[in-house]
Amino acid sequence: MPASASAPAARRRHAGAPAAGLRRLWRDSDNARTYLPLLAAILALGAYASAESELFLTARNVQVLLESVAVLGLLTVGTTLLLAAGQLDLSIGAAAALSAVVGAKLISGGTSTTVAVIVMLALPVAIAATVALVVVVTRVQPFILTLGLLSVLQAVSLLQTGQRPVSVGSNLQSLSTADVLGVPVSFWLFVLALLVGGVILRYARLGRSAYAVGSNEQAAFLAGIPVGRVKLALFALSGLTVGAAGVVLLSNLGAGDASSGSGLELQAIAAAVIGGAALGGGRGSMFGSFLGVMLLGLVTNALTLLDVSSFQQQLVQGGLLITAVLLTAIAERLRADGRGLRSILATLLRRPTSTS
Amino acid sequence: MSGPVLSVRGIVKRYGPVRVLDGVGLELRAGTIHALVGANGAGKSTLIKVIAGLVPPTGGTITLGGEELAALTPRLARERGVFLVPQERHVCPDLTVAENVLLGRVPTRAGLLRRGAMLEDAARALAQVGLDTLDPRTRMRGLTVAQTQLVEVARALSARARVVIMDEPTAALGPDEVRALFEAIRRVQQQGVAFLYVSHHLEEIFALADEVTVLRDGRHVTTRPTRSLDLNELITLLLGRTLDETVPRALPSAGPVVLEARDLRRGRELDGISLDVRAGEVLVVTGGIGSGRTELLRVLVGALPLDGGRVVRVGRGPVRSPADAVRRGIGFLPEDRGSEAILAERDLADNVDLGRLAASGRHVSRPRDRVAAAERQVTGLGVRTTARRQSISRLSGGNQQKVLLGRWLEAGAEVLVLEGPSTGVDLGSREELHRAIRRFAADGGAVVLATSDLAEACQLGDRALVMRRGRIAAELVGTAITEERLMTLEQGGQPLAEAA
């Protein structure tokens with residue numbers, strides 16, 4: 001391939017011109033286009049927060065930050081796997097809460113912590129696998145199906161607990177309080193999920209098949225990909241991350257709270273999409289999702305330190321998501337048309353260009 | 001008879017440097033059926049789109065009811081009574097028959113629907129096409145293709161159509177339905193409506209049309225009364241030559257049978273088809289729209305379920321799903337690359353890797369190997385790219401097709417099933433693809449290739465099967481494969497006796 005033959009030469013040519021090298025990276029790498037703006041946003045926000053508040057860059061605050069993103073992070077790993085194949089599960093927040101509630105009931109009822117944790121992991125896997133089976137067999141839209149399931153699971157949790165959370169005392173507390181190398185155990189759990197998910201998407205047949213199914217399901221089917229089995233495996237894996245999120249939720253709160261998962265599914269989708277995934281499928285990566293989670297976590301953390309109200313924080317989070325998808329869409333158009341930004345804006349504003 | 005209701009003169013349509021229509025003219029007279037025929041790419045579809053106002057011509061005039069019109073829009077064409085019944089059905093399946101007949105023209109008073117008047121109007125139009133037994137309050141969804149088609153004709157009639165254009169109306173119909181359609185057309189014809197009838201099935205034209213216009217390579221060849229023609233003469237006019245062009249070719253090497261199909265049955269698309277494919281040969285499958293050609297290919301790769309019969313990859317086992325096919329060394333390239341083959345979001349490497357993903361039993365796929373595989377195929381097949389990890393969507397049709405062929409070469413496929421491999425491919429790439437296909441066969445691979453491009457069938461085929469109405473109508477071998485014979489056989493005729 002001629003391009004690869006000239007690659008070393010190209011590298012040499014660009015050695016003295018980092019700007020040109022960056023431009024080339026920007027043009028040729030989808031990942032660079034996703035990661036670089038995110039990294040820049042994270043650094044800028046971090047710099048601003050540490051300038052405005054001396055509390056920001058303290059060991060304690062960093063620990064708080066890492067602890068706070070673990071649940072969202074775990075759910076985002078599962079969502080990224082699903083989105084790669086164009087699938088979606090809106091019930092993950094409610095399922096995580098249900099897992100926490102069931103675990104709390106078991107532990108407070110005298111079941112050993114080990115058995116409880118196994119049940120907490122297995123229950124969401126079973127729920128997600130059932131969703132996958134229904135999706136594969138009946139071809140209903142996962143969106144509608146899991147939207148319904150979201151309500152059902154929430155109701156089941158509430159029926160289990162009544163209005164009051166079920167306390168588990170100090171059981172499982174070590175997950176959120178203990179740390180390894182100064183990092184909370186729950187965050188290590190997120191990192192582990194990221195690594196496993198990253199290996200699946202990058203190296204495993206399952207992950208590569210997921211991208212194919214998400215990109216063009218008919219093409220994947222005709223190329224011999226077992227589409228149904230791929231979906232089943234991805235939903236089950238996502239269920240496992242939901243179970244882990246449920247365990248972390250329970251350990252963070254010290255109690256099973258039926259409402260503790262609400263809204264997490266939308267945040268997980270937001271984090272994955274900010275990180276480069278698309279609802280249409282075929283895109284996304286674990287590193288991108290990691291950056292998406294960190295950016296959302298950082299916004300909450302920094303704005304809280306700066307005494308910004310939680311209402312305004314929501315405003316910022318929504319704005320971030322909208323900005324991310326707009327930037328992605330504009331970059332796509334730019335690349336697809338090979339046209340300049342001005343001409344794109346002209347099209348968007350429905351005005352004729354004067355360039356012709 | 002009276003003067004023409006519609007006449008087009010000197011129509012030219014250019015796309016860039018390509019002239020799709022080059023000075024075409026025809027006249028339609030009230031109460032007549034005028035057939036429009038031509039081989040693939042002759043410009044039939046473009047011409048009817050110009051007449052229906054869907055495509056603006058580059059030059060020429062359209063005269064409608066004595067008035068010369070410079071620019072025709074779909075709306076203007078309809079207002080002047082020109083209606084197109086396209087090949088695909090254009091109806092709203094969840095609305096009732098009456099609402100579909102009067103689509104966009106439902107009778108209202110003060111903005112409110114006059115239901116009684118609507119049902120009456122619709123029933124009148126339905127009776128004109130012989131659908132008097134159909135309740136106009138039925139939902140469209142439950143109707144057969146044939147009924148749906150007649151509803152579209154009724155829609156044209158209720159809007160006072162003077163010209164109805166029908167594009168391949170019999171493609172999805174069974175013999176009885178074709179008869180019913182012809183009856184309806186004749187009935188409407190007697191009311192003074194002019195038909196422009198486009199079809200690949202030449203025998204239909206002899207059964208139905210008063211006049212026939214032949215197009216070839218975007219040019220008007222002739223317009224003649226159908227009575228003055230016979231099938232062989234019409235085919236000669238279509239192809240533009242009378243002599244068989246025989247291309248010398250080595251006889252197919254008699255390799256072992258690698259793929260066998262027995263008594264394949266599926267609805268009325270496949271009516272008991274058996275065939276063997278041998279290593280080292282290119283087996284071409286031709287046949288018009290509705291012949292079962294498309295379905296046969298999909299059944300061979302397990303992508304469509306069978307009512308009866310079986311497909312076996314000899315020595316490897318049965319083929320019941322695409323996953324079976326791929327595991328047993330069969331690779332399939334569909335004609336509609338965009339919606340059935342390409343992973344638009346992924347780069348070249350992932351598009352090549354897709355075949356190997358299902359074909360190999362391995363669970364690991366390293367990025368380095370993916371890139372190396374893509375580079376092998378890009379070099380081997382001469383794909384012209386600009387960037388190493390280029391997105392496939394930005395390649396030309398020809399280069400996309402080479403990448404997709406590379407997908408199966410890289411997967412180690414031993415049987416290739418190709419559907420219209422050079423559709424939407426430029427001439428240079430077409431040659432390169434043909435060479436790659438021949439090379440694959442020469443190396444001991446087996447190829448099944450379906451195409452509506454008869455020139456391609458002749459260039460590539462060691463053996464040709466001609467399909468007609470779900471059956472194999474004939475088999476030709478080696479130099480006996482000529483465009484004339486293929487077309488004659490597709491039409492159900494007997495080929496001219498061979499000169500000794």
Side-chain angles (χ1 to χ4, degrees), chain A residues 1-7 10 24-33 83-86 198-230 233 276-278 280-285 332 335-338, chain B residues 298 301-303 321-327 330-334 336-348 350-351 353-367 370-372 374-379 383-391 393-394 404 407-408 411:
Chain A
M1 179 168 169
S4 89
S6 66
R24 195 181 165 78
L25 189 66
W26 184 262
R27 195 190 63 205
D28 291 347
S29 162
D30 286 332
N31 287 343
R33 273 193 301 276
L83 284 178
V199 167
I200 288 175
L201 280 185
R202 210 167 146 71
Y203 298 97
R205 184 162 67 179
L206 174 63
R208 308 316 294 177
S209 304
Y211 282 129
V213 170
S215 185
N216 187 339
E217 188 166 332
Q218 174 70 358
F221 168 71
L222 288 177
I225 303 287
V227 175
R229 259 187 287 164
V230 168
R283 290 173 198 271
S285 69
E332 280 299 313
R335 241 162 35 103
D337 302 0
Chain B
R298 290 188 180 238
V301 298
S321 67
D324 280 351
V326 171
R327 260 202 314 273
I330 305 171
F332 174 51
L333 280 191
D336 187 349
R337 288 188 295 276
S339 64
E340 295 200 317
I342 281 173
L343 307 180
E345 283 81 6
R346 313 302 304 172
D347 63 13
L348 285 186
D350 279 1
N351 271 282
D353 194 52
L354 181 59
R356 227 170 36 145
L357 216 49
S360 81
R362 285 179 306 154
H363 281 278
V364 180
S365 156
R366 290 186 307 174
R370 293 200 285 270
V371 172
E375 292 190 359
R376 251 195 313 279
Q377 295 307 326
V378 160
T379 314
V383 182
R384 278 166 283 281
T385 62
T386 53
R388 201 149 153 276
R389 305 217 64 172
Q390 182 158 18
S391 120
S393 329
R394 299 182 72 194
L404 295 174
R407 171 185 290 176
W408 294 120

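Protein chains get the first letters and strands the later ones, always in sequence-line order, with residue 1 at the start of each.
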### Query
When heavy-atom pairs shorter than 4.5 Å are enumerated against chain B, which of A219(A), P226(A), G207(A), A220(A) gives the highest number?
A219(A)

### Message
Show every salt bridge (charged side-chain N to carboxylate O under 4.0 Å, His left out) that has at least one partner inside residues 214-229 of chain A, sequence neighbours left out.
### Response
E217(A)-K231(A)

### Message
Working to the nearest 0.5 angstrom, can you tell me the gap between Y211(A) OH and D347(B) CG?
### Response
11.0 Å

### Message
Please classify the contact of R327(B) with chain A as side chain, backbone, both or neither, using a heavy-atom distance under 4.5 Å.
### Response
neither

### Summary
Closest non-hydrogen contact found for A223(A) with A358(B) is O-CB, 3.3 Å

#### Entry: Close side-chain approach of S321(B) to F221(A), heavy-atom, < 4.5 Å
no

### Task
Could you tell me whether the side chain of Q218(A) reaches within less than 4.5 Å of the side chain of S339(B), counting heavy atoms only?
no

### Query
Looking at V199(A), L206(A), I225(A), which one has more heavy-atom pairs under 4.5 Å with chain B than the rest?
I225(A)

#### Entry: Contacting region of I342(B) [heavy-atom separation from chain A under 4.5 Å]
backbone

### Query
Measuring from H363(B):NE2 to R208(A):CZ, what's the distance to the nearest 0.5 Å?
16.0 Å

### Query
So, N216(A) side chain and L343(B) main chain: donor-acceptor pair closer than 3.5 Å or not?
no

### Task
Give, as side chain, backbone, both or neither, the part of A303(B) having an atom under 4.5 angstrom from any heavy atom of chain A.
both

### Gap between atom CG of L354(B) and atom OG of S209(A) - 0.5 Å precision
8.0 Å

### Message
Side chains of L333(B) and L222(A), heavy atoms from C-beta outward: is any pair under 4.5 Å?
### Response
no

#### Entry: Where E345(B) and G282(A) come nearest, the two heavy atoms and their spacing
CB-O, 3.8 Å

### Query
With side chains defined as the heavy atoms from C-beta onward, is the minimum distance between V364(B) and R205(A) less than 4.5 Å?
no

### Query
What's the shortest heavy-atom distance between A344(B) and S215(A), and which atoms?
N-OG, 3.4 Å

### Message
Among residues at least two apart in sequence or on other chains, which ones pass side-chain hydrogen bond (donor to acceptor under 3.5 Å, both in side chains) with R366(B)?
### Response
D369(B)

